[in-house]
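To start, the structure under review is shown below, and the notes come after it.
Computed from heavy atoms alone, side chains included, the values below leave out hydrogens, waters and symmetry copies. The first residue of the sequence shown is numbered 1, and numbering continues consecutively from there.
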Amino acid sequence: MASVETRNLTKVFRRGQPGAVNGVSLVTREGEFMVFLGPSGSGKTTLLRMIAGLEEPTSGEVLIGDRVVTGLAPRERRIAMVFQSYALYPHLSVYRNIAFPLRAQGMPRESRRAKVEWATGLLAIGHLLERKPRELSGGERQRVALARAIVREPSVFLLDEPLSNLDAKLRTSAREELIHFHRRVQTTTIYVTHDQVEAMAMGDRVVVLDRGSVRQVGTPREVYDDPADTFVAGFLGSPPMNIVDADEVFVGFRPEHFLPEALVPEPRVRLPFLIDTIEYLGSERVLLGHLGAPRFGRKRAVSRLSSTLPEEFSPGTEALFAVAESRLKFFDRRTERRCAARSVAWE
């Protein structure tokens with residue numbers, strides 16, 4: 001088990017063009033499950049590949065277990081990586097796929113078998129050893145790829161969107177398996193995803209990336225409840241945070257906190273809400289519309305209500321909604337970074 005540190009890590013693919021990764025400095029804790037989260041093009045996979053040794057940085061350093069590994073080949077870094085495609089050998093059985101890295105290291109046959117049995121027992125796939133990858137489900141292939149990684153007993157696991165090829169139901173069960181797997185092995189893990197549900201459910205801490213830069217590092221609760229800037233506020237959450245231009249600041253509030261006036265305690269901000277569309281999603285209703293206050297110029301807004309709420313609303317109607325003042329987030333209009341709360345004229 002080891003920590004991973006990056007120091008001012010930068011990757012520029014073309015001179016004169018913006019960097020894919022720009023001066024990223026991060027430190028994991030030993031045994032931590034850290035998630036790199038961001039949209040396509042945010043630099044999360046490039047950052048992971050530099051940590052793995054698959055991409056050479058333009059500048060900066062990578063340390064694993066307090067040892068600078070920037071110039072070392074991947075096999076010298078004591079890391080194991082699981083890719084989106086799983087990269088299993090189709091002509092080899094599950095057993096031979098898992099044992100392949102051990103055989104390449106020259107490990108004796110009996111020792112290899114013991115290691116494979118240990119790893120497959122940990123992941124409950126011992127019954128699949130004689131099958132070929134084409135005979136496995138997506139979730140089973142993912143567990144085989146993890147077993148092949150774990151037999152090497154790495155200091156660090158690097159996972160690059162390993163669940164993205166699975167359907168929604170299988171992703172949920174595979175996500176649970178990964179969480180339990182990490183709890184058992186307690187190896188430092190860095191996980192790349194564009195899926196915020198995965199990031200929030202799995203990460204001890206989440207690194208939110210945008211255009212090659214770190215926008216915020218924090219626990220799932222911290223990045224959701226206390227976003228560092230308007231990007232994080234708008235990226236996290238489905239639907240994302242409502243953000244309105246108010247005087248010299250932007251003011252944000254989550255859709256689940258924008259509720260019918262009677263449900264919101266004082267002190268609160270009241271806002272007329274013109275409802276355009278209602279989406280019924282089973283456990284909740286999502287109301288999409290515009291703020292009726294003239295000063296906001298029909299600013300788009302979203303409310304998320306529990307389906308157990310008795311109030312009924314119809315498209316094309318106006319209702320008085322409110323948000324508690326304690327739920328408001330303030331952002332500097334120039335930098336778009338979080339700032340202190342201030343008085344705002346809402347009328």
Could you pull out the closest heavy-atom pair between [X] and [Y], with the gap in Å?
X	Y	answer
P74	L54	CG-CD2, 3.8 Å
G203	P220	O-CG, 3.4 Å
V27	R205	O-NH2, 2.8 Å
V21	G43	CG2-O, 3.6 Å
P57	L9	CB-CD1, 3.8 Å
A149	P154	O-CD, 3.5 Å

Kindly indicate, with the supporting measurements, whether the criterion salt bridge (charged side-chain N to carboxylate O under 4.0 Å, His left out) is fulfilled by D226 and R221.
CA-CA 8 Å; D226 295 302; R221 181 182 293 275; over 6 Å; no

Please confirm whether F273 and F313 have ring centers closer than 6.0 angstrom.
no

Considering residues, nucleotides and ligands other than [X], do more than 12 of their heavy atoms fall under 6.0 Å from its [atom1]?
X	atom1	value
R131	CZ	yes
R327	CZ	no
E56	CD	no
R75	CZ	no
R300	CZ	yes
R96	CZ	no

In Å, rounded to the nearest 0.5 Å, how long is the span from [atom1] of [X] to [atom2] of [Y]?
X	Y	atom1	atom2	value
L158	T45	CG	OG1	11.5 Å
Y95	L129	OH	CG	8.5 Å
T120	R148	OG1	CZ	14.5 Å
L128	I125	CG	CD1	6.0 Å
E311	L263	CD	CG	5.5 Å
L236	R215	CG	CZ	12.0 Å

Mind checking whether [X] and [Y] have side chains closer than 4.5 Å, heavy atoms only?
X	Y	result
E135	V94	no
D276	H290	yes
M34	D204	no
V197	R175	yes
L209	V214	yes
Q142	L178	yes
T193	L37	yes
Q216	F231	no

Would you say the side-chain atoms of [X] pair up with the backbone N or O of [Y], donor to acceptor, closer than 3.5 Å?
X	Y	result
E117	A114	no
R67	R77	no
T58	V12	yes
N97	L92	yes
R141	P133	yes
R152	I79	yes
D66	S3	no
Q196	F235	yes
T70	E61	no
T28	L26	no

Check ion pair [X]-[Y] (N to O, under 4.0 angstrom):
X	Y	value
R333	E248	no
D160	K44	no
D245	K299	no

[Y] reachable from [X] in the ILVMFWY side-chain graph, under 4.5 Å edges:
X	Y	value
I64	V82	no
M241	L287	no
F33	F181	yes
Y191	I150	yes
L328	I243	no

Parallel, tilted or perpendicular for Y89 and H91, by the 30°/60° rule?
perpendicular

Aromatic plane relationship, F321 with F258 - under 30° parallel, 30 to 60° tilted, over 60° perpendicular:
tilted

Test: R254 cationic atom under 6.0 Å from Y224 six-membered ring centre, within 45° of axis:
yes

For L259 and L305, what are the C-alpha separation, side-chain angles and deciding distance, and is it a side chain to side chain contact (heavy atoms under 4.5 Å, CB included)?
CA-CA 7 Å; L259 304 171; L305 305 178; 3.5 Å; yes

Taking it one step at a time, do V35 and E198 satisfy side chain to side chain contact (heavy atoms under 4.5 Å, CB included)?
CA-CA 9 Å; V35 178; E198 285 183 8; over 6 Å; no

R112 vs Q105, test: side chain to side chain contact (heavy atoms under 4.5 Å, CB included). Steps then yes/no.
CA-CA 10 Å; R112 291 202 305 264; Q105 293 170 8; over 6 Å; no

